[in-house]
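Below: the structure, in structure tokens.
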Amino acid sequence: MTDRPPLPVAPEPNAVPAIVEAKDLERYVGQSLRTEELVVNMGPQHPSTHGVLRVVIKTDGEVVTALQPHIGNLHRCAEKIGESIPYYQWLPYVDRMDYLAAMNNEHGACIAIERLGGLVVPERGEYCRVIIAEVQRILSHVMAVGVYGLDVGAITPFLHSFRERERGLDLLDHISGGRLLYHYVRIGGVKRDLSPEWIDECRAFLAQVERRLPEYNALLLNNHIFRERTCGIGVIPRDLAIAWGVTGPALRASGVDWDCRRDAPYGIYDRFSFDVPVAPSGLSGVVGDCFHRHWIRVMEIEQSIRIVRQALEQMPEGETQGKVPKGFKPPKGEVFLRVENPRGELAYYLISDGGDKAYRARCRGPSFSNIAVITEVAPGTLLADLVALMGSMDIVLGEVDR
Amino acid sequence: MREWIDHLAATNELIGSLPRGFLYTIGIALGCTAVLLFVSLFAGEIVWMERRVAGRMQARIGPNRVGPQGLLQFLADGVKLLAKEDVIPAGADKPVFLLAPIIVFAGAFAAFAAIPFGYGLVPADMNVGLFFILSISSIEVVGVIMAGWASNSKWAVLGAMREVAQVVSYEMPLAISALTVVVLSGTLNLTDIALQQSGGIWNWYVLQSPATFAGFFIFFTAMLAALKRAPFDLPEAESELVAGFHTEYTGFRFAVFFLAEYSGMFLFAILTAVLFFGGWNSGFGLESLLSGEAERWVGALILFVKSCFFLFVMIWVRWSLPRYRVDKVMYLCYKVLLPWSVVAVVVAALQVLLFSALGWSR
């Protein structure tokens, strides 16, 4: 069966056509002008869709009446590839899902595979993992905070955020050799040990981020125009957030006190003391609005700095890479693990049939659920608010499509 | 301009033998050409200034390769844009599409005819100068709506819609807040307005009355909106509308829009300086030390420096603030700026009445 175009509908006898010839004008005197909704294609090349998201928007003037995100432009078969190559070869592909949080992706994938195979990671390796995962979270959030400024029209904080990000990328570059995709976390440990020089540089980086955060807040969080643009805009109520599977900062901005690192600990996150920022902020706005999502990210940067500092303090000496048998074949079984990515809960579901490849590899990307909810929230808002809303969800299309 | 020509005609027999009307016409044409050249070149330098200041603010460098400190960057950009393919989108309304940049350019540049760059340095010294500038600079809107409509692009139409709504609305507080000065000075001639502010800094209109003091801030805000500068850059809101009405323009046509935008900035920077900040008067009696031509050109330099300061403020604001939302922009115009500008004019009028009743001058 092929889809046929719908049959043309006979026009109403007296309906005003879209274009009226001058000679026919008199016929339509007294009738109101025919108006139409404008269907606009936002993306995949639009500057504020953060990648290759395509959103088809129906607009009535500036008001969005309906919208439909079209995803899949960045689909790279990450899951299927995971089923056709050995586990250790899959890790670089995992990097590429959420390319702004590659370390966090690797961290989760490695833990899932280790649980499947019953492997043990040395203490120092665990600490290295937490440190780089949190550094990555800081980088991701710093960038999200800056890019959100760009979405609401402030360009300067965006470039400031790249100044901090650059320093952090240098850190990750030092230990892994890559700036965006690292392949640093390996099954059973990490690739390289953190040197004392690296640790000093890391502390300096943390101090720099801490010092600059008030600057960002002066330019965005405490700016009057920024608050006007974000407070009460794109409100995702608590129930809606839960129903649509929204996770991460967006969920906490809706007032749900949930963070995998604290409530479903993985790795060694249960050893650190940190707060989970939850809306309301007590500043302004409504719980679940764009302002709170932004606020949560700013607060989480501070908490991540706390975690990294504790980890650097506590880190024991020793090996970083545990023993992994040659031709690693986990026993039959399955594992489900969720980890807290900067964007939300990233979950891995792996089934092993006893071979060196996963029988089934499946990921649950937080951005996918987070972007889906905009179809509920956006109708009725202005076009400018839609941009503010999409920006505040902080999606990465690589992970939506995988 | 006329006094120069009269002077020339009186001293040179050959020139004096020609009819005066012809000489005036030639003089105005030459003056306008000089202004056009100067403004086009300086608009390029404003682009450079904007990029350097933005770079400084954003912890980067900005263009510094072409010419000393990158001063000739705009020439390189202009050549690049000239060399680009001139794309006319399929389905575009071709004649309108081609005409739109010309109208925008004409509107922006015609306004300079009545701008005094210094005492006597005005191409056409008309007694309705301010009125002329405000009205002819709004012709730009026609070009913008033509560009948006003819592009056959939805983003361009949305951008043009926003721009027309915004610019037409903000013309009102802009003109009314400028009226505060007109009410006090009793003239629309910009040369006369500037002359009235000679002497000390307290003679500047911004310090003359609470009405003009408030009027200046309303004028500056409305000016930012009329120029589509951030935080009111909605028509070109990059993150929302791609590039607004000139989304589909490429090459030199795009450059013309760009040039018109920056020359508009320069226009209003000079206008602010002339109306509120003493024009070419330094404010501390520097002119009294000089005389004749030297005074004229030093005055022009002072005015230039003042307008550069306002350009800097515009750039500074742009790179600091997020963008307003479209409905808030309209709210600000009709419910905040417009009523307060009317109040300012009424206060100015009452002041004039009161002062004349008491027999004070100003």
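Letters A, B, ... are given to chains in the order of the sequence lines, protein chains preceding strands, and every chain is numbered from 1.
When the heavy atoms of residues 43-59 of chain B are compared with those of chain A, the residues falling under 4.5 Å are B/M57, B/Q58, B/A59, listed by number.
Contact detail for B/R323 and A/I225: the closest heavy-atom pair is O-CG2, 3.7 Å.
Contacts of A/L386 with chain B are absent, with no heavy-atom separation under 4.5 Å from either backbone or side chain.
Around atom CH2 of B/W340, no more than 12 heavy atoms belonging to other residues, nucleotides or ligands sit under 6.0 Å away. The number of heavy-atom neighbours closer than 6.0 Å to CZ of A/R211, taken from other residues, nucleotides and ligands shown, is above 12. For B/F312, the CZ atom sits in a packed shell: over 12 heavy atoms of surrounding residues, nucleotides or ligands are nearer than 6.0 Å. Within 6.0 Å of atom CZ in B/F252, 12 or fewer heavy atoms from other residues, nucleotides or ligands are found, so the atom counts as exposed in its surroundings. Counting non-hydrogen atoms of neighbouring residues, nucleotides and ligands closer than 6.0 angstrom, the CG atom of B/L75 exceeds 12 such neighbours.
With chain B as partner, the option from A/L220, A/L219, A/L382 having the largest number of non-hydrogen pairs under 4.5 angstrom is A/L382.
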